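Everything numeric here is computed off the predicted structure, so don't read it as measured data. The sequence lines fix the lettering, A, B, ..., with proteins before strands; numbering per chain opens at 1.
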Amino acid sequence: MSLNITLPDGSVRAFDGPVTVAEVAANISAGLARVALAGKVDGKLVDTSFRIEQDASVAIITSHDADGVEVIRHSTAHLLAHAVKEVYPDVQVTIGPVIENGFYYDFATPRPFGPEDLAAIEKRMAEINKRDLPVIREVMGRDEAVAFFKNMGEAYKAEIISSIPANEQLSLYRQGDFIDLCRGPHVPSTGKLKVFKLMRVAGAYWRGDSKNEMLQRVYGTAWAKKEDQEAYITRLEEAEKRDHRKIGKQLDLFHLQDDAPGMIFWHPKGWSLWQEVEQYMRQVYRKHGYHEVRCPQILDKSLWQKSGHWDNFSKNMFTTESEARDFAIKPMNCPGHVQIFNQGVRSYRELPLRYGEFGSCHRNEPSGALHGVMRVRGFTQDDGHIFCTEDQIQGEVSDFIVLLKRVYADFGFTDIQYKLATRPEQRVGSDATWDKAEQALDQALTAAGVEFEVLVGEGAFYGPKIEFHLRDCIGRTWQCGTIQADFSMPGRLDAEYVDEDNTRKVPVMLHRAILGSLERFIGILIENFAGAFPLWLAPTQLVVMNISEAQIPYAQQVVDALRAEGVRAEIDLRNEKIGYKIREHSMQKVPLQVVIGDKEMAAQVVAVRDRSGQDLGQMSLDGLLALVRAGVAERSGVSV
RNA sequence: GCUGUUGUAGCUCAGGGGUAGAGCAACUGAUUCGUAAUCAGUAGGUCGGAGGUUCAAAUCCUCUCAACAGCACCA
């Protein structure tokens, strides 16, 4: 019986009988056989030992394929587990999947791993790589496999297998003395795994549940080529250089200290940046029909009970008391806005009624969740609430999506992902209400013509939400904006309006934010621009430097004129060499640098350079002002 | 919150039972200079906090606070 193998280039090779992927590779060339890591038979990824029984299309997978790198990572996870079992025989293995850029493996260990353990394990991995052990696939029935792993003392593995249907055949992979349950495929031998590095150890809960015991998770990275791994590590270092906590310190933007965990001290420059963002958003409120409001920070507990926060959110709320009354510091702005809505009798003619606030909120986040300015306990939202009728929801949501895209573009972000988060387990409101709310958001997204992902069970307790995630210049995504349809809270807090037919109705409330938390958004801006803010945001837009004492009066005159026109200009008259001053201001990322020497003073002009060192030439004061204005007007230079 | 790691001068970091260190920044003086570091000098620390062991603790032990990484959380 002969069979035909079709290769990716369309050519067909005939074989006398069943062949393995490895044999097909060898038939093509000895070189290919040497580098083959796996195969793709009729679109399915398999081991090189896989036997092809009938006509098929076959691709040989090498380290040049994305699939090949995946296989390398997966096999390196096994290599890690193998090494751990050799170095620490009393450790139990659990699972070890491939993740972005690498893999991890969770172990149950009698004592936690430290950095020295990592080094020892990595060394053993290199040894096993040198042994070039063949990786052999075996098949077992489920019950047989459970018994097999129990017998080896691998309780976790046995537990995983027990949850697989009884009639299924399981594949196991053996390399030397090490054997692990795995779907595969794997590289043909451990000698193929040359480029890897263990990155860190951390605790991780068994089956991802914080009620379970904690395992030791070892993270690693693995690549086809050494250069790829080096490039990856360089990329990590680059990201580290952009870390907002580091840049915040370098540029003197803010600080945090032990006395106020998760709360930020904004320094003058950081606050300048903040104010630019806030004033910009205030314009957005004004231009798009929002009334800016301001509500109390502290409200009586009973109001939070009524709104549902006390039942659903109290573990995250800071509380206080006075004269035997209990209060809570607001974690959200919505109940406050409903109180404003409730003053007086509302008519359907007033809807949609939009309130916006730069709402200062406090949430008692778990200590382990805190992260610089990105995840804090005290933060400010650009929080708006739209009171409207059901018929108005879709239009409001659609308008919001358009607005949000424009705002993000002004900050330099154009790559946005959309997600619809549906009803969570813990919630208020009837299922019928949730049906309605989820449908409304779904329709608005569809009408906006954007693709979106559904996040099942991740909505807020009072309603479903659309999440807007933006991608920064190094490819990371951040959730910022949101819009949520709430059919419950207005009713709970007694909001109503008089409709056309003179009956009283409960309005729908849309919760919405564009930037989300200003703290977090500014953190994202810092990392996205690596501190080199566009002119409109830069805390110091321009610095004027003299070359020697003789030009001090003229330099002072120039900076005064710029400041009078609203330019955030600084002056540096220190008795230092011009190169020294330029270096300092360049490191401080000041966008425009004005140098004044005798020549400029004589001609009543200024010499301008930018922070990257580009010479913008000599110009008059008016010319400089025009340059600044044009730069500010351009914002982040992106148009939608 | 959980596991691990870390906390020393304004910043970056060294020192690991025996007198607290470096570079940069700061301050003082000299230098008046043309596009990313001029020279010299001075000052600066309860070694995160509280207990303990010791003749002696930044160093060892206990507790605690905070930060960092991951997990869980992100309503």
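- Atom CE in A/Met214 sits about 16 Å away from atom P in B/rA69, given to the nearest Å.
- A/Pro366 comes within 4.0 angstrom of a nucleotide base, judged by non-hydrogen atoms across all strands.
- Within a 6.0 Å radius of CD in A/Glu116, more than 12 heavy atoms belonging to other residues, nucleotides or ligands are found.
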Could you check A/Asp598 against A/Gln551 for side chain to side chain donor-acceptor pair (under 3.5 Å), going step by step and ending with a plain yes or no? CA-CA 7 Å; A/Asp598 284 335; A/Gln551 306 98 33; 2.9 Å; yes
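- B/rA69 is paired with B/rU3 under the Watson-Crick or G-U wobble criterion, all donor-acceptor distances under 3.5 Å.
- As judged by a 4.0 angstrom heavy-atom cut-off over every strand, A/Ser210 is placed among residues touching the sugar-phosphate backbone only.
- For B/rG49 and B/rA66, the P atoms lie 15 Å apart once the distance is rounded to whole Å.
- Distance check on atom C1': B/rG23 versus B/rA30 gives 23 Å, rounded to whole Å.
- Nearest-nucleotide positions on RNA chain B place A/Arg611 closer to the 5' end than the other of A/Asp259 and A/Arg611.
- The existence of a salt bridge linking A/Glu154 and A/Lys85 is confirmed by a sub-4.0 Å separation between a basic side-chain nitrogen and an acidic carboxylate oxygen.
- A sub-4.0 Å separation between OP1 or OP2 of B/rU12 and a side-chain N or O of A/Lys249 is present.
- Put simply, the side chain of A/Tyr205 and the base of B/rG70 share no donor and acceptor less than 3.5 Å apart.
- One C1' atom belongs to B/rU12, the other to B/rA50, and the distance between them is 29 Å to the nearest Å.
- Within 4.0 Å of A/Ala369, counting heavy atoms only, lies at least one base atom of the nucleic acid.
- The residue A/Leu370 sits close only to the backbone: its heavy atoms come under 4.0 Å of sugar-phosphate atoms, none of a base.
- Pair assignment for B/rC11 gives B/rG23, based on Watson-Crick or G-U wobble hydrogen-bonding distances that are each under 3.5 Å.
- If you take CG of A/Asp209 and P of B/rG1, they are 19 Å apart, rounded to a whole angstrom.
- Taking atom P in both B/rC2 and B/rU64, the straight-line distance is 10 Å, to the nearest Å.
- At the heavy-atom level, A/Ile547 lies under 4.0 Å from base atoms of the strands shown.
- Contacts of A/Met545 with the nucleic acid, taken as non-hydrogen atoms under 4.0 Å apart, are absent.
- Judged purely by atom type and a 3.5 angstrom limit, A/Arg512 uses its side chain to pair as donor or acceptor with the backbone of A/Asp382.
- Backbone-only contact: A/His371 has heavy atoms under 4.0 Å from sugar-phosphate atoms and none from a base.
- Within the 4.0 Å cut-off from OP1 or OP2 of B/rC71, at least one side-chain nitrogen or oxygen of A/Tyr219 is found.
- Separating the CZ atom of A/Arg574 from the C1' atom of B/rC33 is a distance of 15 Å, rounded to the nearest angstrom.
- Remark: B/rA30 base-pairs with B/rU38. Criterion, Watson-Crick or G-U wobble with two distances under 3.5 Å.
- Nearest-nucleotide positions on RNA chain B for A/Gly368 and A/Asn312 put A/Gly368 closer to the 5' end.
- Nucleic acid contact class of A/Asp598 (heavy atoms, under 4.0 Å, all strands): base.
- Only the C1' atoms considered, B/rC27 is 13 Å distant from B/rG10, to the nearest whole Å.
- Between the C1' atoms of B/rA20 and B/rA57, the separation comes to 13 Å (whole Å).
- For A/Ser367 and B/rG1, the shortest distance from a side-chain N or O to OP1 or OP2 is below 4.0 Å.
- For B/rG10, the OP1/OP2 oxygens have no side-chain nitrogen or oxygen of A/His255 closer than 4.0 Å.
- Annotation for A/Lys301: atom NZ counts as buried by contact number, over 12 foreign heavy atoms lying within 6.0 Å.
- Counting any heavy atom pair closer than 4.0 Å across all strands shown, A/Lys246 reaches no nucleic acid atom.
- The nearest whole Å value for the distance from the CE atom in A/Met263 to the P atom in B/rA67 is 10 Å.
- Between A/Arg245 and B/rC11, a side-chain N or O to OP1/OP2 separation shorter than 4.0 Å is absent.
- Here the side chain of A/Ser620 pairs no donor or acceptor atom with the backbone of A/Val605 at under 3.5 angstrom.
- Here A/Arg217 lies in heavy-atom contact (under 4.0 Å) with sugar-phosphate atoms only.
- Between B/rA43 and B/rC55, the distance separating the two C1' atoms is 34 Å to the nearest Å.
- Taking atom CD1 of residue A/Ile247 and atom C1' of nucleotide B/rC11, one finds them 15 Å apart after rounding to whole Å.
- Residue-to-nucleotide contacts include a donor-acceptor pair under 3.5 Å from the side chain of A/Arg375 to the base of B/rC73.
- The side chain of A/Lys577 approaches B/rU38 more closely than any other nucleotide in the set B/rU38, B/rU3, B/rG34.
- Side-chain atoms of A/Gln257 and base atoms of B/rG48 include no donor and acceptor less than 3.5 Å apart.
- At a threshold of 4.0 angstrom between heavy atoms, the contacts of A/Gly208 are confined to the sugar-phosphate backbone, with no base atom among them.
- B/rG44 and B/rA25 are spaced 12 Å apart, taking the C1' atom of each and rounding to whole Å.
- Using a 4.0 Å heavy-atom cutoff across all strands shown, A/Val595 reaches at least one base atom of the nucleic acid.
- Rounded to whole Å, atom C1' of B/rU32 lies 20 Å from atom OH of A/Tyr554.
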Run A/Thr221 and A/Trp223 through side chain to side chain donor-acceptor pair (under 3.5 Å) and show every step you take. CA-CA 7 Å; A/Thr221 188; A/Trp223 301 84; 2.7 Å; yes
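- Using N1 to N3 plus N6-O4 or O6-N4 for Watson-Crick, or N1-O2 and O6-N3 for G-U wobble, each under 3.5 Å, B/rG18 pairs with B/rC55.
- In this structure, B/rA50 forms a base pair with B/rU62, meeting either the Watson-Crick or the G-U wobble geometry with both donor-acceptor distances under 3.5 Å.
- Using a 4.0 Å heavy-atom distance criterion, A/Glu600 is classed as a base contact.
- Look at CE on A/Met199: it is 22 Å from P on B/rG4, rounded to the nearest Å.
- Using a distance-only test at 3.5 Å, with no hydrogens or angles considered, no donor-acceptor pair links the side chain of A/Thr477 to the main chain of A/Leu470.
- In B/rG16 the O4'-C1'-N dihedral to the base is within 90° of 0, which defines a syn nucleotide.
- For A/Asp90 (side chain) and A/Pro110 (main-chain N/O), no donor-acceptor pair under 3.5 Å exists by modelled atom type.
- Contact between the side-chain N/O atoms of A/Tyr580 and the OP1/OP2 oxygens of B/rA25 is found at a separation under 4.0 Å.
- Between the P atom of B/rU35 and the CZ atom of A/Arg609 lies a distance of 10 Å, rounded to the nearest Å.
- Using cut-offs of 30° and 60° on the angle between ring planes, the pair A/Tyr462 and A/His309 is tilted.
- For A/Pro261, counting side-chain heavy atoms from C-beta on, the closest listed nucleotide (B/rU38, B/rA26, B/rA66) is B/rA66.
- Within the nucleic acid shown, A/Gly372 comes within 4.0 Å of sugar-phosphate atoms alone, with no base atom in reach, counting heavy atoms only.
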